[in-house]
Amino acid sequence: MNYREYTENLEQTLLSPYAVKSSDSKGRYRYEEKDDIRTDFMRDRDRIIHCKAFRRLKHKTQVFISPEGDHYRTRLTHTLEVAQIARTIARALRLNEDLTEAIALGHDLGHTPFGHSGERAIREVANVSFNHNVQSVRVLQVLEKQRKGLNITKEVLDGIENHTWSGNPSTLEGKIVRYADVIAYINHDIDDAIMAGVIKQTDLPEPLLKILGQTHGDRISTLIMAIVDNSFGKDMLVMEPFVEQAMLELKEYMFTNVYFNSIAKLEEQKAIDLIKMLYRYFDDNKSKIPEEYFHNQNDKKVAIIDYLSSMTDSYAISIFNDVFVPYGWNK
C-alpha cells in the first residue's frame, strides 16, 4: 500500500476546497522521487526540524539580549509557539496543517544573532537590503546540507518569504503563519516583559485588554477566534476588523514601551557594534571566513553575511572575544 497516496486522497476529500492539497503542489525546483509514506509538505516539515539552522534557533535572541534566567523566549520557542497557533487555525479552517506547520517552523531560520538588532547591523555595515525572511529561504535552498540545500517545495518557500506583516503569501496556509507570528510574539513578549520587570500588567492599555482579554491565553483565544469566525468557508483569511485594530494597537504599545525604549534593550547597541566589528574584521581577513561559505560563489560580502547571520548569540560573542579581546599571558 502507498500510504502517501492514501493521505493525498484523504486531503482531497476532507480539506477545504481552498486548502492547498499535497498532490496539487507546484513541486520543488529539483525533481525528487515521491516518498511512500509522507506527502511533500510532511517531508518539508521533517527536513526543517532536522536541519542545523533549526537547532541554532535555541541560542538566538527573541527580544531580550542575554537574559538572566531559563524562562525567557528564544527564537526557537517563539517558532514553536507560532507553529502551535498556526496549526490550530489551519485545523479549524480545514486547511493543510502540514504545509502550515512547515512554513511556521521555517519562517525565522534566517534570523541573525541578537534578533532584529543583528539584522539592522548587517544592513548598515554591509549597505545591503538584508531581511531575515529572504535569508530564511536562502538557508533552506542554498546553505543547508553542505551547501546543497534542502530542496523545499515552492508553497513552503513562498509562505516563509512572505510571512512578515508587510508580506502577501499566495496560499491561505501562508497567510495563517503571517497572523500567527504576530499573535505569538505580541503575547509572549508581554509575558517576558512583565517577568523582566520592564512593564507591569497594569501598564497594558485597558481598552485593548477589554477587547482582547486580560490574560495570555484569553488574548490568543480571542485572536484565533477572530480569524476562524471570519474566514471559515471563505477563499480568504480575514480577522474581525475591530479585533485586528486592537491587536495592532497593542503591537504599537509594545514597540514604544518594550522593543525600542525599555531598560531591557540597553545592551542592544553593544550587539550592533559587535556584529559591525566582526563584519569589518572578516572583510579585512577573507582567509578567516570558513571555506564552506564560498562554495559555489566567490562574493566575499555574501560569504560574510551568510556566516554572520548563521551565528548564534553565544558563538558571535565567542568569535568576537577571540578576535578582539586579549588573552592573559603566562610564561
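Looking at L99, I103, T100, T88 one by one, the single match for side-chain contact (heavy atoms from CB on, under 4.5 Å) with I176 turns out to be T100. Here the rule is salt bridge (Lys or Arg N to Asp or Glu O under 4.0 Å) with R38, and of D46, D98, D44 only D46 fits it.
Ring geometry for F320 against F324 counts as tilted: the plane angle lies between 30° and 60°, on a 0 to 90° scale.
Residue K300 qualifies as enclosed at atom NZ: its count of foreign heavy atoms under 6.0 Å is above 12. Enclosure of atom CG in D284 by more than 12 non-hydrogen atoms of other residues, nucleotides or ligands within 6.0 angstrom is indicated. Within a 6.0 Å radius of CD in Q146, other residues, nucleotides and ligands contribute 12 heavy atoms or fewer. More than 12 non-hydrogen atoms from other residues, nucleotides or ligands lie less than 6.0 angstrom from CZ of R147. Counting non-hydrogen atoms of other residues, nucleotides and ligands closer than 6.0 Å to NZ of K154 gives a total above 12. At most 12 heavy atoms of other shown residues, nucleotides or ligands fall within 6.0 angstrom of atom NZ in K145.
From W165, atom CH2 reaches atom CG of L248 across 5.5 Å, with rounding to the nearest 0.5 Å. Here S16 contributes atom OG and L172 contributes atom CG; the two are 7.5 Å apart, rounded to the nearest 0.5 Å. If you take OG on S25 and CG on N96, they are separated by 9.5 Å, rounding to the nearest 0.5 Å. One finds the CG atom of L109 at 7.0 Å from the OG1 atom of T79 (value rounded to the nearest 0.5 Å). Between M311 atom CE and D313 atom CG the span is 11.5 Å, to the nearest 0.5 Å. From E144, atom CD reaches atom CD1 of I48 across 10.0 Å, with rounding to the nearest 0.5 Å.
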- Run the numbers on K251 and Y185 for side chain to side chain contact (heavy atoms under 4.5 Å, CB included), then give the verdict. CA-CA 9 Å; K251 175 184 172 184; Y185 76 67; 3.1 Å; yes
- Task: Kindly determine whether D158 and S170 satisfy side chain to side chain donor-acceptor pair (under 3.5 Å), including the steps that lead there.
- Result: CA-CA 7 Å; D158 170 82; S170 64; 2.9 Å; yes
- Message: Could you go through K21 and D24, starting from their C-alpha distance and side-chain angles, then the distance that decides it, and tell me whether this counts as salt bridge (charged side-chain N to carboxylate O under 4.0 Å, His left out)?
- Response: CA-CA 5 Å; K21 317 303 191 298; D24 297 332; 5.4 Å; no
- Step by step, would you call I272 with V125 a side chain to side chain contact (heavy atoms under 4.5 Å, CB included)? CA-CA 10 Å; I272 291 172; V125 71; over 6 Å; no
- Query: When you look at K175 and N162, which way does the side chain to side chain donor-acceptor pair (under 3.5 Å) test go after all the steps?
  - Reply: CA-CA 8 Å; K175 295 179 192 298; N162 293 287; over 6 Å; no
- Task: Assess whether salt bridge (charged side-chain N to carboxylate O under 4.0 Å, His left out) is satisfied between R120 and E268, documenting all intermediate values.
- Result: CA-CA 11 Å; R120 179 153 60 92; E268 186 173 82; 3.3 Å; yes
- Take K276 and E124, measure what salt bridge (charged side-chain N to carboxylate O under 4.0 Å, His left out) needs, and give me the verdict at the end. CA-CA 8 Å; K276 289 183 176 181; E124 292 175 358; 2.6 Å; yes
- Could you walk me through whether E32 and R43 pass the salt bridge (charged side-chain N to carboxylate O under 4.0 Å, His left out) check? CA-CA 11 Å; E32 291 184 19; R43 294 179 81 187; 3.6 Å; yes
- Evaluate side chain to side chain contact (heavy atoms under 4.5 Å, CB included) for N151 paired with R28, printing each intermediate quantity in order. CA-CA 6 Å; N151 199 25; R28 310 177 187 279; 3.5 Å; yes
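Among residues at least two apart or in separate chains, there is no ring-ring contact (aromatic ring centres under 6.0 Å, His included) pair with a member in residues 207-252. Among pairs with a residue in residues 220-242, those fulfilling side-chain hydrogen bond (donor to acceptor under 3.5 Å, both in side chains) read N230-E240, at least two apart in sequence or across chains. Residue pairs satisfying the ring-ring contact (aromatic ring centres under 6.0 Å, His included) criterion with at least one member in residues 78-113, sequence neighbours excluded, are listed as follows: H78-H107, H78-H188, H107-H163, H111-H116, H111-H132.
There is no side-chain donor-acceptor pair under 3.5 Å between S318 and N321. A donor-acceptor contact closer than 3.5 angstrom links the side chains of D322 and Y327. Defined by atom type and a distance below 3.5 Å, a donor-acceptor pair is missing between the side-chain atoms of E8 and Q12.
Between the side chain of Q201 and the backbone N or O of Q214, at least one donor-acceptor pair lies under 3.5 Å. At least one donor-acceptor pair closer than 3.5 Å links the side chain of R56 to the backbone N or O of S310. In this structure, R4 contributes its side chain and D35 its backbone to a donor-acceptor pair below 3.5 Å. Within the 3.5 Å criterion, the main-chain N or O of N2 finds no donor-acceptor partner in the side chain of D36. In terms of modelled atom types and a separation under 3.5 Å, the side chain of E161 and the main chain of V137 share no donor-acceptor contact. Listed for the R219 side chain is no donor-acceptor partner under 3.5 Å among the backbone atoms of L209. Remark: the backbone N or O of Y253 is paired with a side-chain donor or acceptor of N257 at under 3.5 angstrom. A donor-acceptor distance shorter than 3.5 angstrom exists from the side chain of D299 to the backbone of K301, with no hydrogens or angles considered. Side chain of N131 to backbone of N133: no donor-acceptor contact under 3.5 angstrom is found.
In plain terms, the two heavy atoms of L95 and L15 that are nearest each other are O-CD2, 3.6 Å. Across all non-hydrogen atoms, the minimal contact from F130 to G110 is CZ-O, 4.0 Å. Closest approach of L105 to A83, counting heavy atoms only: CD2-CB, 3.9 Å. K60 and T112 get closest at one heavy-atom pair: CD-O, 3.8 Å. Here the closest heavy-atom approach between residue A196 and residue Y72 is recorded as CA-OH, 3.3 Å.
In this structure the side chain of T153 never reaches within 4.5 angstrom of the side chain of K26, judged on heavy atoms.
Remark: K288 is not positioned above the aromatic ring of Y307, lacking an NZ or CZ atom under 6.0 angstrom from the ring centre and at most 45 degrees off the axis.
Taking 4.0 Å as the cut-off between side-chain N and carboxylate O, E173 and R45 do not count as a salt-bridged pair. Taking a cutoff of 4.0 Å between a charged side-chain nitrogen and a carboxylate oxygen, E206 and K210 do not qualify as a salt bridge. In this structure, K34 does not pair ionically with E5, as no charged nitrogen and carboxylate oxygen lie closer than 4.0 Å. Ion pairing between a basic and an acidic side chain is recognised when a charged N comes within 4.0 Å of a carboxylate O; D306 and R138 show such pairing. Salt-bridge annotation for D108 and R75: present, with a side-chain N of the basic residue lying under 4.0 Å from a carboxylate O of the acidic one. One finds a salt bridge joining E81 and R73 here, because a Lys/Arg side-chain nitrogen approaches an Asp/Glu carboxylate oxygen to under 4.0 Å.
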